[in-house]
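To keep things clear, I will list the structure first and then write my remarks on it.
All residue numbers refer to positions in the sequence shown, counting from 1.
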Amino acid sequence: MDQRTAPQPQSPSQPQPQPQSRVRPWSRPWPRRRSWLRAGLALSGWPALAATALPDGQPLRWIPVLLFVTLGPGCALLLPLPGSLRPAARLEALALAAPLSLSLATLTATALFLVAGFSVPLFLGSLAVFCTVVAPLPAVPLPAATRGAAERTKPVPEGPI
């Protein structure tokens with residue numbers, strides 16, 4: 001056995017370095033304190049669906065529907081993100097939730113029109129079911145620009161690696 005490759009015995013007084021595992025933020029278990037947010041996102045579509053029973057043209061009917069269709073499905077996919085995000089990353093996640101929600105709503109409405117079965121309760125019901133199913137799942141990873149802001153908890157050391 002070569003002297004250079006033989007393991008050197010360590011004294012018991014020296015602490016052994018612990019291997020650091022790199023866990024991706026979206027694979028960590030969800031903290032319990034955010035369970036109320038997940039439950040709120042999962043149930044956000046059902047009040048909008050219930051609001052369709054009100055008479056036409058009332059603000060209590062169109063405001064919940066507008067808010068849900070605009071932000072509900074996207075927020076269910078992107079939020080709550082594990083860990084704390086910087087304020088700019090939180091704003092970017094919210095800004096990404098709106099076009100994502102509107103894209104999902106457009107795809108749902110198009111599919112319902114293609115099968116000749118579009119109605120507002122069916123449209124909102126399918127989006128509400130989508131939010132209920134997706135909200136308990138881990139969040140979708142954010143784009144690269146936000147991911148760097150989300151994962152960076154300590155300053156990046158300068159110099160060679």
Side-chain angles (χ1 to χ4, degrees), residues 18-157:
Q18 298 292 328
Q20 294 180 354
S21 64
R22 241 174 128 79
V23 178
R24 294 186 177 125
W26 58 85
S27 65
R28 290 184 193 145
W30 292 47
R32 292 180 189 222
R33 65 177 194 243
R34 296 191 188 219
S35 62
W36 63 270
L37 183 58
R38 286 187 293 156
L41 286 171
L43 299 175
S44 64
W46 302 109
L49 181 62
T52 59
L54 295 172
D56 292 338
Q58 289 199 357
L60 288 178
R61 179 180 173 146
W62 61 266
I63 289 176
V65 171
L66 180 67
L67 287 175
F68 171 68
V69 171
T70 305
L71 293 173
C75 285
L77 281 173
L78 295 175
L79 300 174
L81 294 169
S84 60
L85 294 175
R86 294 179 180 176
R90 277 186 244 134
L91 182 61
E92 185 177 345
L94 186 62
L96 183 61
L100 190 59
S101 294
L102 293 173
S103 298
L104 288 169
T106 303
L107 287 173
T108 304
T110 303
L112 289 173
F113 273 119
L114 287 175
V115 296
F118 183 83
S119 68
V120 174
L122 184 61
F123 169 70
L124 288 174
S126 59
L127 287 179
V129 167
F130 176 81
C131 286
T132 303
V133 170
V134 169
L137 300 176
V140 173
L142 291 174
T146 304
R147 196 171 42 232
E151 293 175 357
R152 194 174 312 132
T153 56
K154 295 180 182 176
V156 177

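- Across all their heavy atoms, P64 and P59 have their closest contact at CD-O, 3.9 Å.
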For residues 102-110, which side-chain donor-acceptor pairs fall under 3.5 Å, sequence neighbours excluded?
from: S103; atom 1: OG; to: P99; atom 2: O; distance (Å): 2.8
from: T106; atom 1: OG1; to: L102; atom 2: O; distance (Å): 2.8
from: T108; atom 1: OG1; to: L104; atom 2: O; distance (Å): 2.8
from: T110; atom 1: OG1; to: T106; atom 2: O; distance (Å): 2.7

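- Applying the salt bridge (Lys or Arg N to Asp or Glu O under 4.0 Å) test to pairs two or more places apart or on separate chains, none has a residue in residues 95-115.
- Among residue pairs with one or both ends in residues 57-67, those qualifying as salt bridge (Lys or Arg N to Asp or Glu O under 4.0 Å) are D56-R61; sequence neighbours excluded.
- For the ring pair (Phe, Tyr, Trp, His ring centres under 6.0 Å) condition, no pair includes a residue of residues 46-71, sequence neighbours left out.
- Sorted pairs that involve residues 66-77 and meet side chain to side chain donor-acceptor pair (under 3.5 Å), not counting sequence neighbours, are lacking altogether.
- The stretch residues 111-129 participates, sequence neighbours left out, in no side chain to side chain donor-acceptor pair (under 3.5 Å) pair at all.
- For the ring-ring contact (aromatic ring centres under 6.0 Å, His included) test, residues two or more places apart in sequence or in another chain that qualify with F123 are F118.
- Under the salt bridge (Lys or Arg N to Asp or Glu O under 4.0 Å) criterion, no residue pair touches residues 124-134, with sequence neighbours excluded.
- Contacts classified as salt bridge (Lys or Arg N to Asp or Glu O under 4.0 Å) and involving residues 111-130 (residues at least two apart or in different chains) are not found.
- For the pair V69/S101, no side-chain contact is recorded, criterion being any heavy-atom separation below 4.5 Å from C-beta on.
- Evaluation of the side chain to side chain contact (heavy atoms under 4.5 Å, CB included) rule for A97 yields C75, L78 as partners, not counting sequence neighbours.
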